[in-house]
Structure formats: C-alpha cells, structure tokens
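Comments concern the structure below.
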Amino acid sequence: MPFSTDTADTLIDWFDACGRDLPWRRPDCDAWGVLVSEIMLQQTPVARVEPIWHEWLARWPRPSALAAASQGEVLRAWGKLGYPRRALRLHAAAEAIARDHGDVVPDDVDTLLGLPGIGAYTARAVAAFAYGKRAPVVDTNVRRVVARAVHGAGDAGPPSNTRDLADVEALLPHDDARAARLSAALMELGALVCTARSPKCADCPITADCAWQHAGRPAYNGPAKPVQKFAGTDRQVRGLLLDVLRGTDEPVEKSRLDVVWARAGQRDRCLDSLLVDGLVEQTPDGRFALPGEH
DNA sequence: CAAACGTGGTG
DNA sequence: TCACCAAGTTT
C-alpha cells in the first residue's frame, strides 16, 4: 500500500525542515562528491566519514584526479574508515569514469551498476541524490522504515533485493524530483527518528499513517539477525597488518608485520589474502608495502 | 543465499 | 563489559 500524496509531502517537508546539513547534500556538491560520500558511507557512520570526505574532495575534486593517484596514496588517505577494498574499488571506478565517461559520473542506474564497488543501493542513491532521478533507494534505514510504517513490523526481516526494491518503488511519487526528495527523506527518517534502538516516535512526522503504531508497536518476531564477531577474526588481523603499512613511507621487513599477531598461521594467511586482494604489495627485495608506491 | 569484509561509538 | 549498530558489495 503506497503512501498517500499527503504522507509523501509531509515527509518531504519534514526533511526540508529537519534533515541534516551534510556537505554532500549542498547544492555546490557535484555527482562526484555524492559518489565518494556514498562509497564512504557504506557500513560507516556519518561522523567518521565527514572529515575524510572533505580531504578527498579537496585533494581529488574530479574522478581523473583520483585516478592519477597511486593505490597506496588512496589507501593512506582512506585511513581507518574500514573495509579498505572500498577505496581500491572507488579508485578503479574513477579510472573507468575518467576513461570511458568523459570524467563525468554516469547518471543512469545500469551504467552505474557496471562500475566497481557500486551495487544496488549506491547506483540508485547516485541517480536520485546527484541527478534528481526517480529510483528506489533501499538501504538499512529505508528497509526499517518500510517494515514499520508500511508493514507494521518491529523491524525489517532478512533482505531480499527484488522484494525490497518493489516495496520502495511503490511508495515513490511519479514525479522525478519529488521521488528523489522522498528517497532522501525516508533514509533520513530512519537515521534520525525511526532508529533501530529506541525509535523517537514522539518526533515522527508520520505517526498518524504508521502501520506499526496502529498495530501497537509489536516487537520484531522475525529470524534473529546474525551477529558479526570481530575480535580474533581475520578481519581484525588484516586491519592490524594494514595499519602498520599505512604508518610507514618505506617498505617494511616481514618481522615488522609478525609482531602484530601472535598466531603465525593466521597471520600469514591474512598477509597472503591482503596480497591477493591487492591491498599489499611485495617489493623485489621481499619487503612489504602499500601497492603502487615502490 | 550465506559468509567475508574494518573500525569505533554506544546503551 | 560487550553485543549491537553504522548510507553495502562481492563471491
């Protein structure tokens, strides 16, 4: 059941009044700035992204500028944002945009989907937020808002790309500009009001139309969501290894890497996987460094 | 489709 | 303290 026109308008008005003034939402931010923000924001909070985003846009204001940097420079500038393969993929996307698209971020979903690191969410986010297009933008916030406001559930169940896209598509106004604004509003509502823990229903602009409210705010009863461990995993070890290389200009001996993790088997397996992923490079003399700098 | 993939803040 | 959470993508 789609939102009424009034509900859509209410949400858009709420977004205009209460949405955050984030740098990638400003009129002077172009599609490249939006794309960089979307990649950085994947699984990463706004507060940690903002300072890095400013550094990147000042240093690499266009895709071709980033493409001209080495992978090592890019990984260093990525810092501790996490999931550093995103940085490599964004670098590769910048190369493709510079080479194949006249240094302009594509504006259609299918072309965007062909670029490295850009999936179902990011492609539509760029189309909607950078180009004002009507495209269902489905992230974890939107899935939660739809689960509650539309389906009356306590939270979203397991993701299903096809079903999630159809759900949100049905909510969008036909008009491109308003659809794009509503997409931003849905995300912002999930981020600020309809949050995972202790939602602020008293501040919600659409409680009157919320199926979850009408149902008496039942608890989530779907399958338990898997919890991600970190301590002791390969992800932690890879992070420690990479942190050593980020902190040095010169390639390092393996002994410098060996000290970060006691278990040799896991440590070596992780170093090998970093080499395979292209996040680490071995110099001819056998030392280790970030890629493309030596 | 499930699992892998970083990091740090917070209730 | 520690489990949960944060604008996902790839294999």
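Quick note on labels: first sequence line is chain A, next is B, and so on, each numbered from 1. Given the structure is predicted, the values throughout are model-derived calculations rather than measurements.
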Among side-chain atoms of A/Asp108 and A/Thr111, is any donor-acceptor pair under 3.5 angstrom?
yes

Is a donor on one side and an acceptor on the other found under 3.5 Å between the side chain of A/Arg267 and the backbone of A/Trp261?
yes

Can you tell me the distance, in whole Å, between the CG atom of A/Leu245 and the P atom of B/dG6?
14 Å

May I ask you to list the residues sharing a hydrophobic cluster with A/Leu113, side-chain cutoff 4.5 Å, ordered by chain and number?
A/Val109

Please table the atom pairs, donor to acceptor, closer than 3.5 Å between any side-chain atom in residues 116-125 of chain A and protein atoms at least two apart or in another chain.
residue  : atom : partner  : partner atom : Å
A/Tyr121 : OH   : A/Glu38  : OE1          : 2.6
A/Thr122 : OG1  : A/Gln42  : NE2          : 2.9
A/Arg124 : NH1  : A/Ala120 : O            : 3.0

Give one of base, sugar-phosphate or nothing for A/Ser37, where a contact means two heavy atoms less than 4.0 Å apart.
nothing

Protein-nucleotide distance (A/Phe15, atom CZ; C/dA7, atom P), rounded to Å
14 Å

Donor-acceptor list for residues 207-216 of chain A side chains, cut-off 3.5 Å, not counting sequence neighbours:
residue  : atom : partner  : partner atom : Å
A/Asp209 : OD2  : A/Thr7   : OG1          : 2.9
A/Trp212 : NE1  : A/Pro218 : O            : 2.8
A/His214 : ND1  : A/Cys210 : O            : 3.3
A/His214 : NE2  : A/Ala208 : O            : 3.0

CZ of A/Arg134 to NE2 of A/His174: how many Å apart, nearest 0.5 Å?
6.0 Å

Result for 5'-nearest mapping on DNA chain C, choosing between A/Gly117 and A/Gly190, is A/Gly190

Dump the intermediate steps for ring-ring contact (aromatic ring centres under 6.0 Å, His included) on A/Trp60 and A/Trp32, then the final yes or no.
CA-CA 10 Å; A/Trp60 298 307; A/Trp32 172 238; 9.1 Å; no

Report the distance from atom CZ of A/Arg144 to atom C1' of C/dA7, rounded to the nearest whole Å.
11 Å

Looking only at atom P, what distance separates C/dT9 and B/dG8, rounded to whole Å?
23 Å

Assert: residue with more 5' nearest nucleotide on DNA chain B, out of A/Thr44 and A/Asn161, is A/Asn161

Looking at DNA chain B, which of residues 118-134 of chain A put a heavy atom within less than 4.0 Å of it?
none

As a test of reading the structure: which of B/dG6, C/dA7, C/dC5 is closest to the side chain of A/Arg86, going by heavy atoms?
B/dG6

State yes or no: do A/Tyr83 and A/Leu274 share one hydrophobic cluster built from I, L, V, M, F, W and Y residues joined by side-chain heavy-atom distances below 4.5 Å, directly or via other members?
no

Quick one: does any side-chain atom of A/Arg62 pair with a main-chain N or O of A/Asp103 as donor and acceptor, under 3.5 Å?
no

With rounding to whole Å, what would you report as the distance between B/dG11 and C/dA7 at their P atoms?
15 Å

Can any side-chain N or O of A/Arg143 pair as donor or acceptor with the backbone N or O of A/Gly157 at less than 3.5 Å?
yes

Among residues 262-282 of chain A, which ones have heavy-atom contacts with DNA chain B below 4.0 Å?
none

Atom CE of A/Met187 and atom P of C/dA6 are separated, to the nearest Å, by 12 Å

Which value, in whole Å, describes the distance between the C1' atoms of nucleotides B/dC1 and C/dA6?
23 Å

Would you say the side-chain atoms of A/Arg48 pair up with the backbone N or O of A/Leu41, donor to acceptor, closer than 3.5 Å?
no

Rounded to whole angstrom units, what separation is found between the CG atom of A/Leu41 and the C1' atom of C/dA7?
5 Å

Check: protein-nucleotides 7-11 of chain B nitrogen or oxygen pairs below 3.5 Å:
residue : atom : partner  : partner atom : Å
B/dT7   : OP1  : A/Arg246 : NH2          : 3.0
B/dT7   : O2   : A/Arg48  : NH1          : 3.1
B/dT7   : O2   : A/Arg48  : NH2          : 2.6

In whole angstroms, the gap separating C1' of B/dG6 from CH2 of A/Trp78 amounts to 11 Å

Separation of A/Asp234 atom CG from B/dA4 atom P, in whole Å?
9 Å

What integer distance in Å separates A/Leu115:CG from C/dT10:C1'?
15 Å

What I want to check is whether the side chains of A/Arg99 and A/Ser64 have a donor and an acceptor closer together than 3.5 Å.
no

